[in-house]
Amino acid sequence: MTSAPQQPALLPLLPSGPHGSRDAMTCLFRCGNACDRPEPNGSGNGHLRDEVARVVQRRSLLKGAGVGAGVLALGGLAVEPAAAAGPARRGEGRLGRVDFTPVPPNRRDAVVVPPGFRQDVVVRWGDPVLPGAPAFDAYRQTPEAAARQFGFNNDYVGLVELPRRSDRDRALLVVNHEYTTGTLMFPTGRYDAETQLRIEMQSHGMSVVTVERGQVAGSWRRVTPARARHNRRVTIDTAFRVTGPAAGDPRLRTAADPTGRRVLGTLNNCAGGTTPWGTVLSGEENVNQYFDASDGIPAEHAESFARYGITGEGRGWSAVDPRFDLSTEPHEAYRFGWIVELDPLSPGSAPRKHTMLGRFKHEGANISIARNGRAVAYLGDDERGDYLYKFVSRDRYDDSGRPRARAHNKTLLEHGTLFVARLTGDGTADGVYDGTGTWLPLTSDTTSYVPGMSVADVLLNTRLAADRRSPTRMDRPEDVEPNPVNGRVYAALTNNSGRGTAQPADEANPVTSSQTRPALGEPLVTQSGNRNGYVLELIPRGGDHASTTFTWNVLLVCGDPAAQETYFGGYDKSRVSPISCPDNVTFDPQGNLWVSTDGNVLGSNDGIFRVPVSGAERGRVQQFVTVPRGAEACGPLVTDGGRSLFFAVQHPGEITGATFEAPASTWPHTDDFPRPSVVVAYRSR
Ligand code: FEO
Ligand code: CA
Ligand code: CA
């Protein structure tokens, strides 16, 4: 390990524009260049003492190797250590146990897995999903075909078992399609603008794709649509039912829906979660960018829209569907930004938008069942300086298996209480970034805890409500997911170029200066802000997800192991893989954390990493996958008893300057242009 000299925290060596982590092309298409505007949170919350910000920069504070043990004592939990990575028994192939040689950083136009593993493409953009869908032809796309084919830019990946014994070798792959990249989808000049917009609109949403086990343990393949009765496309035309206390609120009513209870479509679906009752939750994230305003934003919505980054500079969709013009239909914007629930086992059922889980830039939602039987959802609002949230259901989960149990469980997200997190550091003299936290109630389904705001006000304008409770402003909360083995909760805080400038540091968001690498093989340079992200570990009090207090610690300060600010749970920094911009997280049956990344600023392609979280291996970050050039890795899912790793390769080739005719990637190499696809990796021997 080499150690770089300490740099002044706020003195970058390079000009450090806001697009610190993603390619400019991804910024444009993914989030509408959100970084070019001030972060929408102007509340001033979470600004702790500058003194802490300076103190926590000191590298010496991060040297404590005994962090894992210290945290165990803090949490007071009887935690069963996750199995450390060790030699696999021959033929076993379980990804949580098997030893592997980490994939080195690279810029290949390929999915790379360690020696001894294989990976197969399961389904690509354009592959038929519904019976009768035409074969994909990039030169003959139509909106009608897109609505029956696999959508663009796959993100969340869930796998739901089928109940019949005869289906035991099959399962339903449920996938989000977050956004579209028109310049990579269409041959230049081939389509008129309206047709192109309509195809892009149909290429958003979700897909349900039946898959079946392949010949090698851990492998899976797509079932032809004619044999797949559960296959489904959710598009911009799919009718959703609005549930919870804000359903029917006047602000949800539009000319097309005077009830305020029926919304067509879901947008910018990012991450998600599969519930214990076999449905899939999906987060509507950067929905602000889909709304135009031909004649300005009505004054009564200005404060709300500003807090949500809704500027009226949209994608021109109002030209083909007037509901996307805020000047005439401002309420349409309130109908997006929710957690949606889809029941893939019931292909004809209307998916639902749950107002009880609040409205913000939802990354995803992951459920635990608390000791008292309540369903608890952990939620992240993916914006620089925004918050972590939690929902606790009013009613209890029914695990009896009785005929009506599933119907009951499907109502759990309609009543309960929504909370926002405040994290308090305990000081840095202990050598660890850690402290205590409180879940502050915002509203139940009957009582608002925010003075001056009704229940519906809190749910429709959750960011404005949360601002009034002084929660902690975080570095872009992405996935927040409970570990089913140790009961702790892991939050990916992907990065924040403005930490230390737009927001002062605090002990939970401590890095104001970080090292990046302009290209592979080049030396590290120091930039202001948190460029490589963290993984935060939350420990519910008493191991109870319904508790309103918790302790926390920063498990990973991501980056290059040679960079002074990085920290890997106390593990030896000379023996870990570089990791940058954690985004989605999941767990294998041994309780190891798996992390995918979005926006690597260390010169390598993005990828997926395995990280044990307890025992001597705690913090041993090892890279298991790299994805092709220009892509991010999404939705990792370790399933089938730990034999299979599913993941989504999103926006391959999305590099500034690339076009359909001059692509920066041709992965998966079935065409001469890139196709976002879902992949499964497994042991080959
Ligand atoms: Fe779609 Fe928060 O990334
Ligand atoms: Ca501390
Ligand atoms: Ca994400």
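Fair warning: this is a prediction, and the values are worked out from it, not measured in the lab. One-based numbering, in listed order, for ligands and for the atoms of each.
- By the 30° and 60° cut-offs, the orientation of the rings of Phe624 relative to Trp594 is perpendicular.
- Summary: OE2 is the N/O/S atom of Glu178 found nearest to atom 1 (Fe) of ligand 1.
- Tested against Asn584 for a side-chain hydrogen bond (donor to acceptor under 3.5 Å, both in side chains), the candidates Glu363, Glu632, Glu478 yield a single pass: Glu363.
- A donor-acceptor pair under 3.5 Å is absent between the side-chain atoms of Asn495 and the main chain of Asn532, judged by distance alone.
- Not a single N, O or S atom of Asp155, from either the backbone or the side chain, sits less than 3.0 Å from the Ca ion (ligand 3).
- Note: Phe360 and His362 have tilted aromatic rings, judged against thresholds of 30 and 60 degrees for the angle between ring planes.
- For an aromatic pair to be called close, the ring centres must be under 6.0 Å apart, and Phe150 with His177 satisfies this.
- Closest N/O/S atom of Glu478 to the Ca ion (ligand 3): OE1.
- The aromatic rings of Tyr290 and Trp317 lie tilted to each other, with the angle between the two planes from 30° to 60°.
- Asp583 lies close to the Ca ion (ligand 3), since one of its N, O or S atoms is found at a distance under 3.0 Å.
- At a cut-off of 3.0 Å, Glu363 is counted among the residues with an N, O or S atom near the Ca ion (ligand 3).
- Between Phe324 and Phe336, the two ring planes are tilted [angle within 30° to 60°].
- Screening Glu285, Gln650, Gln289 for a side-chain hydrogen bond (donor to acceptor under 3.5 Å, both in side chains) involving Arg30 leaves a single residue, Gln650.
- Each protein N, O or S atom less than 2.8 Å from atom 2 (Fe) of ligand 1 was counted, giving 4.
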